[in-house]
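Below you'll find the structure, written out as structure tokens, and then a few comments.
What you are looking at is a predicted structure, and each value in this text was computed from that prediction instead of being measured. We name chains A, B, ... by the order of the sequence lines, and we start the count at 1 in each one.
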There are 4 protein chains.
Amino acid sequence: MSIEILPTAKEPKRERGKQRVAALIDAGAELFAEKGYEATTMTEIAQRAGAAIGSLYQFFPSKEALAEALFNRYAERAAASFARVEELAPGRPARELADLLIDYKLALRTDRDATIALSSSVAGIVERRKPLGDALRGRIASILRAANRALSEDEAAAAAVIVSQVMKIVPALAATENERPLPLIGETRKLLALYIGEVLRT
Amino acid sequence: MSIEILPTAKEPKRERGKQRVAALIDAGAELFAEKGYEATTMTEIAQRAGAAIGSLYQFFPSKEALAEALFNRYAERAAASFARVEELAPGRPARELADLLIDYKLALRTDRDATIALSSSVAGIVERRKPLGDALRGRIASILRAANRALSEDEAAAAAVIVSQVMKIVPALAATENERPLPLIGETRKLLALYIGEVLRT
Amino acid sequence: MSIEILPTAKEPKRERGKQRVAALIDAGAELFAEKGYEATTMTEIAQRAGAAIGSLYQFFPSKEALAEALFNRYAERAAASFARVEELAPGRPARELADLLIDYKLALRTDRDATIALSSSVAGIVERRKPLGDALRGRIASILRAANRALSEDEAAAAAVIVSQVMKIVPALAATENERPLPLIGETRKLLALYIGEVLRT
Amino acid sequence: MSIEILPTAKEPKRERGKQRVAALIDAGAELFAEKGYEATTMTEIAQRAGAAIGSLYQFFPSKEALAEALFNRYAERAAASFARVEELAPGRPARELADLLIDYKLALRTDRDATIALSSSVAGIVERRKPLGDALRGRIASILRAANRALSEDEAAAAAVIVSQVMKIVPALAATENERPLPLIGETRKLLALYIGEVLRT
DNA sequence: AATGAATGAGTCTTCATTCAT
DNA sequence: TATGAATGAAGACTCATTCAT
């Protein structure tokens, strides 16, 4: 049982290359989201980015490496975005905490779908996803305990799991192609506020 | 009643054949759940079912046909299972309605993962999934309106979307490989009861 | 530094398959000998054997596996062939020993070139080649010591290295496309007889 | 004088360029010897020479051109080196002729491996190798006839083929990574002396 | 001149599907 | 009917070579 050391994305050295890399990751994100990881071909990705297949491989030595790069970008954006939530959270009532968390999800919508598609298909990502989720839940738990000192660690942890699951409804609603996702998101805010309210009251 | 283009699974005439078909669908379900639709090969499926690849094609003329058969089996089981919910629902308080719905999900756990894997990958299934989900939501809306006559159709429909999304937390919890999924399911029951309670109070 | 376990050739289960496998190995042997391992494509090999590329991969899961199978066939034939030499060697004078060894090489000519082409290119073969050569030299040394009891182990070992190198001249002569290789092979017999004579006289 | 179709290496004008060209050829020689012609990439060669891929193509318009340049260098060195042998050969006994020829091979050891790797892989070289070998054999035949006037042209030619083949044992011994190649080279001297002695005695 | 990104034809390999036995 | 060999289109990836900077 050896730890797979797969070659990772190569840093472009010239300015031109950076744009290329971004375009390629974007193309990958779109296609992975649309058709799934396996069904997306490297040729397609290169085409959508307006590059030759060779150029794609110049920067990403394998399909998996591209997936990893995409995942990393998502993880970075998510972390930065959640830091803002933590900053604003202290002292807020349940309703506002719920809104903060829902808005956080809304902001990440774009990369989300692509990353989800990866998590079940790419070996390296499956394992990297769990700690990321754990970290997120830990941070949610902290926010909850800060808001209600009476909460035990275990209670906060369990509530954080539920909160994170409710948050997942947001991108799911977008995926249903519902004509009126907005009122549904409002309804989700209500759901989350209800639950957090209950947790804080305990 | 449905627009069928694909050749569908051939009905096995003998008892022996039925077992084999069931074994093949089971094998497909397991593997699709484990590795995803694309990553699973027909040869693997045949092997796990202890059949030759030729036999697999005897009953299912294509990979897609097998996927469809699996989906159909799931849809039938789900429909039958939900009928029982509808039977027991009338007159129940929010808490009990929530439990009924959660238990429904719990019972379907097995085929669920495999079917999810299909829904994003197999063309024919993507389209068949939506009406199935719509039907489920419609039936949930009916239950809600039966429990609260003051609910408008639109309100009930929106609430049904949220309820169905909350129900999806149940299989998701199983997937997290959490050591203690039980308390979390309890927490999910609480969440759903809370929301349904709110809806019925409106 | 892990030991590479590469999947090996699959045994054909039907009679038809055995002929196929032999034809494929033959095609590989020819092409490897003609153009070298790297320059030969799997498609070419399949074509020359009158098979589809998929059929080639049915039996040999990789180019390397085909190379290995070819090497194994050569090693088996060589071992069997040399056993005959050992049987006939005892009591012979230098001249006849030399002829026996040259004839041994002559008989192996066919697979030889292909196998040589592999030995520098295929990872797994490089390592398997050395022990084979060591074994051959050991058996030559035994023959020499049986013919001359005065020979020390070291002396016999050194002489065996030289003898085996002289034997390599035989296929090399064929490769020079000389119009008259026969007299040259006679000359090689003389060379080897001269050297073995000297060794036995020591 | 030669029929040149391929564009050949460009002559570098400055001193700096000459060093770079030498470094590139050296890098090529090392890598061809280590991994073979086909398995060596132009990028690798440039890297090992500490140059950019563009620089490599500045001097050698194709991989084949680099191979040719390497071959030419080897051919020049070999010719120069053999001239020294011819100078010293007249009037020597068999034993000393043998030593002269073995020492010649020993001196050329370095480029030898790389050039061997080319000779089977590069179209242009395959053809250029034969005349070179013919020339060498011709010069060996001349030395033999000078030492023994009784030798017919054909006899000398045949003997020269054998002598040149025996000489090839020298680099082969180095390749066997034998811990004690020295005594084996001594043994090769003995073999060659034996044969040349026989030829001169005829 | 020097650099390294861009290109795309060509390779190995996989796998759904067909078909002879 | 059952079997598994045969097929070939399609996909990931490589690398000699070109070209803009």
Side-chain angles (χ1 to χ4, degrees), chain A residues 7 10 12-21 38-46 50-66, chain B residues 12-14 16-17 20 38-47 51-66, chain C residues 7 10 12-18 20-21 38-46 50-66, chain D residues 10 12-14 16-17 20 38-47 51-66:
Chain A
K10 188 162 95 187
K13 292 185 185 157
R14 302 188 180 176
E15 186 47 42
R16 178 88 175 288
K18 288 192 183 167
Q19 296 170 32
R20 253 291 140 99
V21 163
E38 306 267 8
T40 299
T41 73
M42 290 296 267
T43 305
E44 262 177 318
I45 295 173
I53 180 67
S55 297
L56 176 48
Y57 276 91
Q58 189 100 41
F59 297 109
F60 304 100
S62 71
K63 195 178 180 181
E64 204 169 337
L66 174 62
Chain B
K13 294 292 178 299
R14 333 227 169 168
R16 179 80 179 294
R20 185 145 267 201
E38 305 268 8
T40 299
T41 73
M42 290 296 268
T43 304
E44 263 176 317
I45 294 172
Q47 261 175 0
I53 179 68
S55 296
L56 175 49
Y57 274 88
Q58 202 89 43
F59 295 111
F60 304 100
S62 72
K63 194 178 181 183
E64 206 168 334
L66 174 63
Chain C
K10 187 162 98 188
K13 292 186 184 158
R14 302 190 180 174
E15 186 46 44
R16 179 87 175 288
K18 287 192 184 168
R20 252 293 136 101
V21 163
E38 305 266 9
T40 300
T41 73
M42 291 295 269
T43 305
E44 263 177 316
I45 295 173
I53 180 67
S55 298
L56 175 49
Y57 275 91
Q58 189 99 42
F59 297 110
F60 304 100
S62 70
K63 194 178 181 182
E64 204 169 338
L66 175 61
Chain D
K10 192 203 280 182
K13 292 292 177 299
R14 334 225 168 172
R16 179 80 180 293
R20 185 145 266 200
E38 305 268 8
T40 300
T41 72
M42 290 296 268
T43 304
E44 261 177 318
I45 295 173
Q47 261 175 0
I53 179 68
S55 295
L56 174 50
Y57 274 88
Q58 201 91 43
F59 296 111
F60 304 100
S62 72
K63 194 178 181 182
E64 206 167 336
L66 174 62

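- If you measure from atom CD of A/Gln19 to atom C1' of F/dT21, you get 14 Å, rounded to the nearest angstrom.
- Both A/Glu38 and B/Ser55 sit near DNA chain F, but only B/Ser55 has its closest nucleotide nearer the 5' end.
- For A/Tyr57 and F/dC13, the shortest distance from a side-chain N or O to OP1 or OP2 is below 4.0 Å.
- Every residue two or more places apart in sequence or in another chain that forms a side-chain hydrogen bond (donor to acceptor under 3.5 Å, both in side chains) with A/Glu44 is listed here: A/Lys35, A/Thr41.
- The two residues C/Ser55 and C/Ala51 have their closest heavy-atom pair at CB-CB, 4.1 Å.
- Summarising the geometry, the separation between CD on C/Glu64 and P on E/dT11 is reported as 19 Å, rounded to the nearest angstrom.
- Paired regions of DNA chain E, where each region holds three or more successive Watson-Crick or G-U pairs whose two hydrogen-bonding distances fall under 3.5 Å, are E:2-21 with F:2-21.
- Going from atom CE of D/Met42 over to atom CZ of D/Phe60 covers 8.5 Å, rounded to the nearest 0.5 Å.
- Remark: D/Ala46 engages D/Leu56 in a side-chain contact (heavy atoms from CB on, under 4.5 Å) (not counting sequence neighbours).
- Take the nearest nucleotide of DNA chain E for C/Thr43 and for D/Ala52: the residue whose nucleotide is more 5' is D/Ala52.
- In the set E/dT13, E/dA6, F/dA12, the nucleotide with an atom closest to the side chain of C/Ser62 is E/dT13.
- Between D/Lys63 and D/Glu38, the shortest heavy-atom contact is NZ-O, 3.7 Å.
- Checking the phosphate oxygens (OP1, OP2) of F/dA6, a side-chain nitrogen or oxygen of C/Arg20 falls inside 4.0 Å.
- For D/Thr43, there are no side-chain hydrogen bond (donor to acceptor under 3.5 Å, both in side chains) partners, not counting sequence neighbours.
- The nearest whole Å value for the distance from the CD1 atom in B/Ile53 to the P atom in E/dA20 is 18 Å.
- With rounding to whole Å, D/Phe59 atom CZ is found 19 Å from F/dA16 atom P.
- Between B/Gly54 and C/Ala51, the one whose closest nucleotide on DNA chain F sits nearer the 5' end is B/Gly54.
- Taking atom CD of residue A/Gln58 and atom P of nucleotide F/dC13, one finds them 15 Å apart after rounding to whole Å.
- Side chain of A/Lys63, nearest nucleotide from F/dA5, F/dC13, F/dG8: F/dC13.
- Between the P atom of E/dC15 and the CD1 atom of B/Ile45 lies a distance of 12 Å, rounded to the nearest Å.
- Rounded to whole Å, the distance from CG on C/Leu56 to C1' on E/dT11 is 13 Å.
- Taking 4.5 Å as the limit, every side-chain heavy atom of B/Phe59 sits out of range of all side-chain heavy atoms of B/Leu66.
- Between the C1' atom of E/dG10 and the CD atom of C/Glu44 lies a distance of 12 Å, rounded to the nearest Å.
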